[in-house]
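Every chain is numbered from 1 and lettered A, B, ... according to where its sequence line falls, protein lines coming before strand lines. Remember, it's a predicted structure, so these values are computed and weren't measured experimentally.
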Amino acid sequence: MFPEVESSSPLLANLNPEQLAAVTLPNEHALILAGAGSGKTRVLTTRIAWLLSTGQVSPGGVMAVTFTNKAAKEMMTRLQAMLPVNVRGMWIGTFHGLCNRFLRAHWRLANLPQSFQILDTQDQLSAVKRVIKQFNVDEERFPAKEMQWFISGCKEDGLRPSMVELRGEDVRKKVEIYQLYEDQCQREGVVDFGELMLRSYEIMRDDDPLHEHYRRRFRHILIDEFQDTNRLQYAWIKMFAGEHNSVFAVGDDDQSIYAFRGARVGNMADFVSEFQVRHQIKLEQNYRSHSNILDSANELIRHNQRRLGKNLRTTQGPGEPVRVYEAPTDLAEAQWIVEELRHLVRGEGPREGFPRNEIAVLYRSNAQSRVIETALFNAGVPYRVYGGLRFFERAEIKHALAYLRLLENPHDDTSFLRVVNFPPRGIGARSIEQLQDAARARGCSLHDAAGATTGRAGANLAAFIGRIVALRERTRDLTLRETIELMLGESGLIEHYKTEREGADRIENLEELVNAAESFVTQEGFGRDAIALPVDELAPGALTQSPVSQGLDPSLPEANQPAPDYVAPDADTGETLSPLAAFLTHAALESGDNQAQAGQDAVQLMTVHSAKGLEFDCVFISGLEEGLFPSERSMADHDGLEEERRLMYVAITRARKRLYLSHSQTRLLHGQTRYNVRTRFFDELPEGALKWLTPKDPGFGRSAFGYGSGYPTTRQYGGGGGGAYSGERFASPPVPQQKAAPSHGLKAGMKVFHTKFGEGTIASLEGQGDDARAQVNFPRHGVKWLALAVAKLTPVD
DNA sequence: ATCAGATGAATTTTT
DNA sequence: TTCATCTGAT
């Protein structure tokens with residue numbers, strides 16, 4: 001259709017035939033099955049660039065949706081590099097980011113305050129807890145966590161309380177609580193993540209002009225990681241697509257690993273049939289791994305029955321074999337990993353060493369990181385663990401944000417409760433309960449009910465509210481930075497943490513919050529006129545003016561004036577959000593980095609889930625044991641097992657050059673030694689691609705006893721029926737872990753004092769009696785081995 | 001109001 | 001085992 005572009009455009013250079021075909025598909029629905037490492041992001045961004053540069057659509061007519069902020073950012077960066085277009089004005093973002101933008105623009109229609117705030121998972125849980133307390137719900141029968149899960153699940157399925165099928169007394173009660181929770185959120189002017197999606201879906205669905213407007217606007221809708229979409233997201237996309245727009249969905253059913261949070265792989269098949277997709281393209285050319293690694297992945301995933309079908313291929317040679325190692329204990333496994341990766345870092349003969357951050361150690365569950373961390377620590381190898389609390393999730397940051405939210409909206413009871421007595425100011429649980437009763441009786445917020453309380457508690461409450469009111473007044477004309485600085489002082493947070501033992505780190509984080517706000521202001525361009533440039537000015541040069549804007553409803557100026565996230569102008573007045581409200585939104589939608597020294601050259605430790613989308617030269621997959629991987633909980637049903645296999649597939653395909661698979665005969669789990677059999681996934685890998693570093697166990701235990709308790713009898717592995725554990729399982733029982741009798745009273749992790757080296761931390765202990773030695777890490781002198789019989793080590797509290 | 005000690009639960013994660 | 005949450009005593 002556009003031959004001159006296809007042959008000449010540098011955009012399309014170096015695409016393989018499948019990629020080229022995908023990028024240049026006609027304006028119709030398409031499903032791109034993109035295997036791991038097949039250049040999926042490239043196809044997605046090049047597709048957008050191609051559509052724009054051939055004049056088939058203007059920047060305002062494109063919507064590109066991802067799941068993570070990281071992916072959205074990457075797409076924008078890449079697109080920016082290809083075309084002189086203002087990507088920040090385009091609708092490229094996460095589902096929730098775009099929903100937020102949509103609801104900010106149409107807040108009246110959505111029946112929300114303009115500066116509505118977003119509850120993250122923590123906030124949502126405490127909101128649910130409040131409902132449960134408030135209405136005397138039996139917490140035994142309806143735990144808050146379960147209710148939260150129920151509510152989120154309903155929303156993900158697009159179900160309002162009135163729409164939930166009432167089967168059984170329990171469900172009826174749950175729906176009742178769901179409704180109460182909804183009322184509470186509405187009263188307080190807050191929305192949870194699910195609500196962002198559901199509310200934007202509903203208002204567009206139910207408002208014809210709006211519906212018409214947006215359908216005319218977005219001619220091209222592109223979705224990344226389509227296999228991860230839930231029911232509601234699918235419906236949301238379908239609604240935007242209407243009859244005439246084209247949906248370009250990219251995904252990989254083999255990498256669907258988020259069923260537990262509502263993802264429906266089935267959306268891919270539904271998409272094909274419901275949208276009558278005529279164009280399906282498979283991207284099977286892998287640019288990442290050697291063929292031994294790829295063959296292993298292919299062979300493994302072939303064992304899944306429900307697949308759309310795909311086989312990765314590479315032009316790279318076989319590369320090195322996949323190395324398999326069996327350890328007697330989890331500790332030994334960790335030590336082997338450390339030993340091996342030191343070789344990798346050092347290099348061997350002619351081979352250069354690998355940078356540490358090109359080496360990843362993966363595991364199924366977070367708890368497994370501990371042993372590995374210990375081993376790395378003892379060996380003095382720098383490492384970085386992914387996961388854990390992110391910046392905006394830390395307690396001190398949440399506290400600070402709660403104060404800020406109260407400035408923006410005094411009726412935000414979640415925030416009110418978080419800080420009403422933090423730092424402590426004599427408002428105990430008693431007074432708070434009274435306050436809550438008063439608020440409920442009058443149907444108002446805690447803030448408004450405070451006047452009704454009396455006595456000393458009443459005075460303290462009045463003082464607290466006075467403080468907030470005064471702060472709000474004083475910050476009225478301040479910049480965001482000044483506002484936060486003033487709040488940190490006035491709230492007493494800094495003061496409080498100064499007296500706390502581990503307060504220094506927290507204060508540092510609070511200071512970091514000021515920086516975060518500062519860079520947010522700079523990036524979003526507050527106070528400048530960078531907000532709303534017309535599309536035409538944003539797309540100079542090569543970009544053809546397209547007729548897409550014709551037919552757009554001029555009463556919806558937002559649609560014609562793209563704006564960065566968070567500052568979407570109100571559709572009626574063009575008024576933008578205050579920097580503070582925008583920053584709070586940013587904090588909820590982008591929980592920040594997984595802290596840790598990112599810059600350092602360190603080995604990367606993470607779960608297989610968090611490794612999705614990443615790649616490394618060398619990958620270790622550890623703990624490959626039945627019950628762990630596949631996890632016990634997922635082994636019961638077929639779908640669960642297939643998802644575990646996909647998880648393993650994801651893990652394998654992370655590796656570029658070297659892949660190690662390891663398992664251990666025994667493992668300390670929940671304080672007890674567990675005896676594990678190597679995972680069944682080993683039996684599903686091509687023998688020719690593997691190299692067994694330890695003799696391959698003939699599978700004695702396996703054939704005789706099956707896969708251990710909990711494993712359902714199947715045709716494939718049947719016979720055993722799953723017996724109880726017993727020592728007989730092993731031909732030669734593993735040597736029990738030596739635990740030194742603690743005659744010296746020292747333990748790893750203890751702080752000790754040495755007369756010459758000063759204070760240090762015990763990294764490990766070895767030997768017994770007179771031979772006992774301790775490895776101690778001294779900040780000044782480094783790591784030392786000290787014989788306890790000689791060196792005097794005294795424990796420091 | 002605060003803290004020690006008991007108790008119980010313990011995949012996977014983004015927004 | 002480790003973590004968080006709850007309880008009861010000070």
Side-chain angles (χ1 to χ4, degrees), chain A residues 65-72 93-100 118-125 129 139-140 143-145 149 152 155-156 191-198 200 224-225 228-230 232-233 256-263 330 362-371 374 386-390 392-393 395 421-432 457 460 565 585-592 594 606-613 623 627-636 640 643-644 646-648 650-651 667-674 739 747 749:
Chain A
V65 202
T66 65
F67 274 88
T68 64
N69 292 301
K70 198 178 153 203
T94 62
F95 274 106
H96 295 88
L98 297 183
C99 285
N100 171 60
I118 299 165
L119 301 183
D120 67 12
T121 317
Q122 285 177 44
D123 299 332
Q124 188 191 25
L125 183 62
K129 278 182 179 162
E139 291 184 64
E140 300 275 282
K145 276 258 170 60
W149 195 76
S152 303
K155 292 190 181 185
E156 277 161 14
V191 296
D192 59 40
F193 288 128
E195 190 67 24
L196 279 175
M197 288 282 335
L198 185 51
S200 52
D224 191 17
E225 307 278 19
D228 288 341
T229 51
N230 62 36
L232 179 56
Q233 286 158 341
S256 160
I257 55 173
Y258 285 114
F260 70 92
R261 65 176 200 212
D330 50 351
L362 310 184
Y363 33 80
R364 174 67 239 267
S365 73
N366 287 303
Q368 290 168 250
S369 77
R370 191 169 215 92
V371 215
T374 311
Y386 279 65
L389 279 192
R390 273 108 54 90
F392 288 114
E393 293 167 352
N421 198 34
F422 192 94
R425 47 173 73 88
I427 304 172
R430 243 314 206 355
S431 356
I432 290 172
N460 286 339
D565 261 348
T585 303
H586 165 79
L589 249 29
E590 243 174 290
S591 17
N594 270 342
M606 67 191 85
T607 63
V608 179
H609 279 94
S610 12
K612 190 176 166 220
L628 260 187
F629 201 173
S631 84
E632 205 134 44
R633 316 265 297 240
S634 57
M635 277 159 59
E643 177 140 323
E644 293 289 303
R646 290 192 292 267
L647 201 48
M648 181 70 187
V650 167
R667 183 174 294 276
L668 224 48
L669 192 69
H670 306 328
Q672 286 193 319
T673 305
R674 291 268 311 251
K739 287 229 161 154
K747 273 173 67 180

What is the nucleic acid contact for [X], judged by heavy atoms within less than 4.0 Å: base, sugar-phosphate only, or nothing?
X	value
A:D228	nothing
A:S631	base
A:F260	base
A:Y258	sugar-phosphate

Among [options], find the nucleotide with the atom closest to the side chain of [X].
X	options	value
A:S634	C:dT2, B:dT11, B:dT14	B:dT11
A:P424	B:dT2, B:dA10, B:dT15	B:dT2
A:S591	B:dT12, B:dT15, B:dT14	B:dT15

Would you indicate, yes or no, if B:dT12 has its OP1 or OP2 atom less than 4.0 angstrom from a side-chain nitrogen or oxygen of A:N366? yes
Below 4.0 Å: OP1/OP2 of B:dT15 and any side-chain N or O of A:N69: yes
Quick check on DNA chain B: between A:G428 and A:E643, whose nearest nucleotide comes earlier from the 5' end? A:G428
Of A:E644 and A:H96, whose closest DNA chain B nucleotide lies nearer the 5' terminus? A:E644
Can A:D192 and A:Q124 be said to form a side chain to side chain donor-acceptor pair (under 3.5 Å), step by step? CA-CA 7 Å; A:D192 59 40; A:Q124 188 191 25; 3.2 Å; yes
Is it the case that the base of B:dT15 and the side chain of A:T68 share a donor-acceptor contact (distance under 3.5 Å, atom types as modelled)? no
Does the distance from a Lys or Arg side-chain N to an Asp or Glu carboxylate O, for A:R261 and A:E156, drop under 4.0 Å? no
